[in-house]
Amino acid sequence: GQKRIYTFKNVGDGNAIPELQRRLDLLHGKKTGVWATSCAYYLSKIKASNHPPTRIDLAIVGKELYLFQFDDAPRKCHMLIKDSVMEVDREMLLILEKTKQYNLRLSLDVKGLVYTVGDFIVKIGTVFSKDSARGVVIELEYPLNIIATQKCPPLEDMIARMGPYDEEVTEIPDYTGFSGLGEEYNENHSVVQYVTVFKQMNIVATTKP
């Protein structure tokens, strides 16, 4: 189903998760389990060498790479590099380590609770970098609509009912310019949304390697 992933900014007093649980209780939400998502954030580099950089070196330098793992597909990863998103095997972790063309800059883990509210699946979680909490995200799914870019009034209504928010939530995520997504919603769309949210939260940003 179509998902919307966004940050919940009422985190000044550290009680964002209890506040979201309170709101879900008011919506008669039922807690159904726990969930986790991880993201490894890399920046490319050129190895020290006495030779001029190759065309491949120049192609990757300064590029960001994000590698996501979702708990419902533990044997797979989803990778975003430049404007391309793709599903890859977990061996990609070893490949990145062995080739040494990228530096691991940050490891993020999102951990939280899963609720059902009518037809909706609601995940609320805290973003951790090591042991430090960096913010809170909401992942809201409406299984009855699978088209990624189609306006979905029930989803928009549910987002509004989960509010109020400190910042306005974008109606439809901007997937413009990304390849490998497809018309039907899949985890590659989630990757684009998570990267956008992490940047909005100032957790990741493009920096020179």
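Model, not experiment: these values are computed from the prediction.
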For E139, is there an ion pair with K3 - N to carboxylate O distance below 4.0 angstrom? yes

Considering all heavy atoms of both residues, which atom of I5 and which atom of Q193 are nearest to each other, and what is their separation? N-OE1, 2.8 Å

Could you tell me which non-hydrogen atom of A40 sits nearest to which non-hydrogen atom of L104, and how far apart they are? CB-CD1, 3.9 Å

Please report the shortest heavy-atom distance between R134 and S129, naming the atom on each side. NH1-CB, 3.6 Å

Check this for me, if you would: do E64 and K199 make a salt bridge, where the nitrogen-to-carboxylate-oxygen distance has to be below 4.0 angstrom? yes

Answer yes if the side chains of R4 and Q2 hold a donor-acceptor pair under 3.5 Å, and no otherwise. yes

d(L27 CG, Y115 OH) to nearest 0.5 Å is 11.5 Å

Go through the side-chain N and O atoms of S84 and S179 and say whether any donor and acceptor fall under 3.5 Å apart. yes

Work out which heavy atom in N188 is nearest to a heavy atom in G180; give both atom names and the distance. ND2-O, 3.0 Å

Ring geometry between F8 and Y165 (parallel below 30°, tilted from 30 to 60°, perpendicular above 60°): perpendicular

Contact check, side chains of T37 and Q69, non-hydrogen atoms, under 4.5 Å: no

Looking at every heavy atom in both I121 and P143, which two are closest together, and how far apart are they? CD1-CG, 4.3 Å

Quick one: CG on L106 to OH on Y66, what's the gap to the nearest 0.5 Å? 9.5 Å

Check ion pair K76-D89 (N to O, under 4.0 angstrom): yes

Output the distance between atom CG (L140) and atom CZ (F120), rounded to the nearest 0.5 Å. 6.5 Å

Once you measure the plane-to-plane angle for F68 and F70, does it fall in the parallel (<30°), tilted (30-60°) or perpendicular (>60°) bin? parallel

Do the side-chain N and O atoms of T149 and Y185 include a donor-acceptor pair separated by under 3.5 angstrom? no

Calculate, to the nearest 0.5 Å, the distance between atoms OH and CD1 belonging to Y41 and I203 respectively. 11.5 Å

Checking side-chain contact (heavy atoms from CB on, under 4.5 Å) between H78 and each of V88, L67, V191, which is the one that passes? V191

Is the H189 ring parallel, tilted or perpendicular to the Y175 ring (thresholds 30°, 60°)? perpendicular

Measuring from L24:CG to R161:CZ, what's the distance to the nearest 0.5 Å? 10.5 Å

Hey, any chance V192 and I172 share a hydrophobic cluster, counting ILVMFWY side chains that come within less than 4.5 Å of each other, even indirectly? no

For E187 and S190, which I'm curious about, is there any donor-acceptor pair between the side chains at under 3.5 Å? yes

